[in-house]
Amino acid sequence: MVGTPKLTTLLKKCSTLKQAKEIHAHILINGLFHLEQLLIHHILLWNVTNYKTLARYVHVVLHRMRNPDSFSWGCMIRFFSQNGPFMEAISLYVQMQRIGLCPTSHAMSSALKSCAKVQDGFHGVSIHGQVHVLGFNACVYVQTALLDLYSKIGDVGTARKLFDEMSDRNVVSWNSMLSGYLKAGNLGKAQEFFEEIPKKDVISWNSMVSGYAKSGDMDSAYSLFQQMPERNLASWNTMIGGFVVCGSIVSAREFFNAMPMRNNVSWITMIAGYSKSGDVESARKLFDKMNKKDLLLYNAMIACYAQNSRPKEALELFSEMIKPEIYVNPDKMTLASAISACSQLADLEYWCWIELHMSDFGIVLDDHLITALIDLYAKCGSIDRAYELFHGLKQRDLVAYSAMIYGCGINGRSSDAIKLYEQMLEDCIRPNLAIYTGLLTAYNHAGLVEEGYQCFNSMKENGVVPSLDHYGIMVDLLGRAGWLNEAYNLITNMSMQPNASVWGALLLACRVHNNVELGEIAVQHCIKLESDVAGYCSLLSSIYAAVGKWDDAKKFRMSEEGKITKVPGCSWKI
DNA sequence: CTAGGGTTAG
């Protein structure tokens, strides 16, 4: 038999899950059930990396407790409200009352924090209803958590009402209210409120700086930053992030270099900045300098590759992170980038390989990922599978429709694309640029000139301004059908500067219909706009050859490097 | 014995 004092001492010293399990066994054998509470409390305060395993274990212990109590449940709710899963925290809060436990103010503020994290206004409001009944009207923690919840779900009015009614406020309450104004985008009101804060701390300052930075007003942000009585990592990181948003990558780097200390957030912000400005090499250099790479760092780098049309490197890095000797558990974000990379490579096999490991990763497909997969399957020609996934979505949004419509478009299913478009309008979703890209692609593949032209013209009526891509498709569509002059007129009447792929589309059409006059014009523009001249020259050369202008044909073939290349920036095949 | 606010990947 082991007594309570001895077990308590052991318990306070234990630091691994294995030891904890042994102690728990002793607790059960000796019937010292009151110690379970201590065990749960103790373990949940460990600062460990494998907190998921830990949480799973404690969760089981909690549910099997002989004498369940509010304190233990509160500890578990607090733990989940800090690390996630937040839904689980809310669910535990509901469950504890179902088994007859009365929530403490601690449990309640943690539950409210979780509601704020996942924007769960429904549970948030129902907890609000309990505050009075349970007598937490004067608890500053509960009141502040509640105020913060309303701030985060965008209900500044209710937040302010709570703030005014609070009997006791501290700097956290002020900061929550401030972040409410900032989240609502009300910078003026926020600034006014900020000045009223009696005892500002570093978070008050950071919030205000972040507000200016997010709105792109880096002058005001910088001026505040300089006035700060005290700065921490987040202050610096906010400034870097602000410069990144404004596209001032050089200033961002200056701040990054100047800061006294850096954490992962600093590195990730900087990498994301380089990614946004298209400087993949600089991003990679930073990435390689980090010796302790966490999930978010991998995600930032993989996303950088995926967004900058470097899908192969994205997948290489993904493979690297899941190698046993490195293993970083990927999450949904990682997969979103990986799927996008697969899609760019039209590599269905790689995805199938990932899919085998989904349960190891502990990832369940959500609508976001399914939408990415629709795009992948559609691009790989498996339009039926794409349809299956589409029908399995909980909510069909604009992105899902555009993936589907585009997928139908490139697979020659134009009537399906139109049906989807009509269905989308019925769902009250307004079309955007991507939707029209899909539709026009569908018309283009089907060679439906009139319909395509009509659709193109209807864009303006729906308040969508055609982009270079749309002009490119239209020129291709008109050109292939032999309406070369119409295509040329479309280009000359463009509201923006045509690029090489627009002219390239005309050049291709000229090749198909052997039109020397327009072909010469098109090729001149192409050469002016693109460095890869060989492909264009070879095209023009073959137009000359087709109409029997052999000398001209020969002249242009000389500059050719030997092979006909695809027109750069052009998604349709020659 | 536990609780509430600011900065990171799409």
Side-chain angles (χ1 to χ4, degrees), chain A residues 12 37-38 40-42 44-45 69-79 81-82 89 103-117 136 139-149 151-152 166 169-180 182-183 197 200-211 213-214 231-242 244 259 262-273 275-276 283 287 294-304 306-307 330-340 368-369 371-372 399:
Chain A
K12 283 186 179 154
Q37 186 196 73
L38 214 66
I40 290 173
H41 173 223
H42 182 71
L44 289 179
L45 289 177
D69 67 296
S70 295
F71 174 75
S72 307
W73 282 72
C75 288
M76 191 81 235
I77 294 170
R78 177 198 58 83
F79 183 85
S81 78
Q82 280 180 355
T104 58
S105 63
H106 299 261
M108 195 179 233
S109 16
S110 292
L112 283 167
K113 180 184 176 173
S114 303
C115 292
K117 284 263 195 222
F136 294 139
C139 175
V140 66
Y141 286 99
V142 170
Q143 293 296 329
T144 304
L146 203 51
L147 155 62
D148 190 59
L149 169 79
S151 280
K152 286 217 168 71
M166 277 171 82
R169 300 180 195 113
N170 58 22
V171 67
V172 183
S173 330
W174 284 88
N175 288 344
S176 292
M177 193 61 235
L178 176 63
S179 78
L182 289 169
K183 195 168 168 63
I197 302 180
K200 302 179 189 62
D201 67 0
V202 66
I203 294 188
S204 327
W205 285 89
N206 284 350
S207 307
M208 206 56 227
V209 171
S210 157
K214 280 204 181 103
R231 297 180 196 110
N232 63 9
L233 273 166
S235 329
W236 288 88
N237 291 338
T238 303
M239 288 301 289
I240 298 179
V244 165
M259 62 195 293
R262 298 177 195 100
N263 63 3
N264 272 13
V265 178
S266 332
W267 293 81
I268 292 163
T269 310
M270 207 55 230
I271 288 175
S275 170
K276 200 172 153 244
F287 179 81
D294 67 359
L295 173 68
L296 263 66
L297 199 65
Y298 271 106
N299 282 358
M301 196 61 227
I302 294 174
C304 173
Q307 281 159 29
D331 69 353
K332 288 180 181 178
M333 304 301 175
T334 331
L335 278 201
S337 295
I339 296 173
S340 155
H368 188 128
L369 289 175
T371 305
V399 186

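The model shown is predicted, which means the values in this text are computed figures rather than measured ones.
In the displayed structure, A/Lys183 atom NZ is contacted under 6.0 Å by at most 12 heavy atoms of other residues, nucleotides or ligands.
At least one donor-acceptor pair under 3.5 Å links the side chain of A/Thr238 to the backbone N or O of A/Ala234. With hydrogens and angles ignored, the 3.5 Å screen pairs a side-chain donor or acceptor of A/Lys276 with a backbone N or O of A/Val244. Panel note: side chain A/Asp331, backbone A/Thr334; a donor-acceptor pair is recorded below 3.5 Å.
A/Lys183 comes within contact range of no nucleotide atom at all, as no heavy-atom separation falls under 4.0 Å. In this structure, A/Ser105 reaches the bases: a heavy-atom distance under 4.0 Å links it to at least one base atom across the strands shown. Counting non-hydrogen atoms under 4.0 angstrom, A/Ala303 reaches the backbone sugars and phosphates but no base. Residue contacts for A/Tyr298: at a heavy-atom cut-off of 4.0 Å it reaches no nucleic acid atom on any strand shown. Counting any heavy atom pair closer than 4.0 Å across all strands shown, A/Asp201 reaches a base atom. Base contact: A/Ser173 has a heavy atom under 4.0 Å from a base atom. Looking at heavy-atom distances under 4.0 Å, A/Val140 makes contact with a base. Residue contacts for A/Cys304: at a heavy-atom cut-off of 4.0 Å it reaches no nucleic acid atom on any strand shown. A/Gln143 comes within 4.0 angstrom of no nucleic acid atom, judged by non-hydrogen atoms across all strands. If you check every strand for non-hydrogen atoms under 4.0 Å, A/Val142 touches nothing. Nucleic acid contact class of A/Lys152 (heavy atoms, under 4.0 Å, all strands): sugar-phosphate only.
Taking all atoms of both residues into account, the shortest heavy-atom contact from A/Ser173 to A/Met166 is OG-CE, 3.6 Å. Nearest heavy atom pair, residue A/Gly74 against residue A/Ala107, reads CA-CB, 4.1 Å. Contact record, A/Ser207 with A/Leu182: O-CD1, 3.1 Å, taken as the closest heavy-atom pair.
When rounded to the nearest whole Å, the span between NE2 of A/His42 and P of B/dT2 equals 13 Å. What separates CH2 of A/Trp267 from C1' of B/dA9 is a distance of 16 Å, to the nearest Å. Look at CZ on A/Phe71: it is 7 Å from P on B/dT2, rounded to the nearest Å. Computed from coordinates, the A/Ile268 CD1 to B/dT7 P distance equals 14 Å when rounded to whole Å. In this structure, A/Gln82 places its CD atom 13 Å from P of B/dG6, rounding to the nearest Å. Atom P of nucleotide B/dT8 and atom NZ of A/Lys117 are separated by 12 Å, given to the nearest angstrom. For the pair A/Leu38 CG and B/dT2 P, the computed distance is 12 Å after rounding to whole Å. For A/Leu369 and B/dA9, the CG to C1' distance is 14 Å, given to the nearest whole Å.
Remark: A/Lys214 is in phosphate contact with B/dT7, judged by side-chain N or O atoms under 4.0 Å from OP1 or OP2.
Comparing B/dT8, B/dG6, B/dA3 against the side chain of A/Ile203 picks out B/dG6 as the nearest. Listed nucleotides: B/dG6, B/dT7, B/dT2. Nearest to the side chain of A/Ser179: B/dG6. Set against B/dA9, B/dG6, B/dC1, the side chain of A/Asn299 has B/dA9 as its closest nucleotide. Here the side chain of A/Leu296 is nearest to one of B/dT2, B/dA9, B/dT7, namely B/dA9. If you check B/dA3, B/dT2, B/dG6 against the side chain of A/His41, the one that comes closest is B/dT2.
Both thresholds, 5.5 Å between centres and 30° between ring planes, are met by A/Tyr141 relative to the base of B/dA3, so the two rings are stacked.
At a cut-off of 3.5 angstrom, counting only N and O atoms as typed in the model, there is a donor on one side and an acceptor on the other between the side-chain of A/Thr144 and the base of B/dG4.
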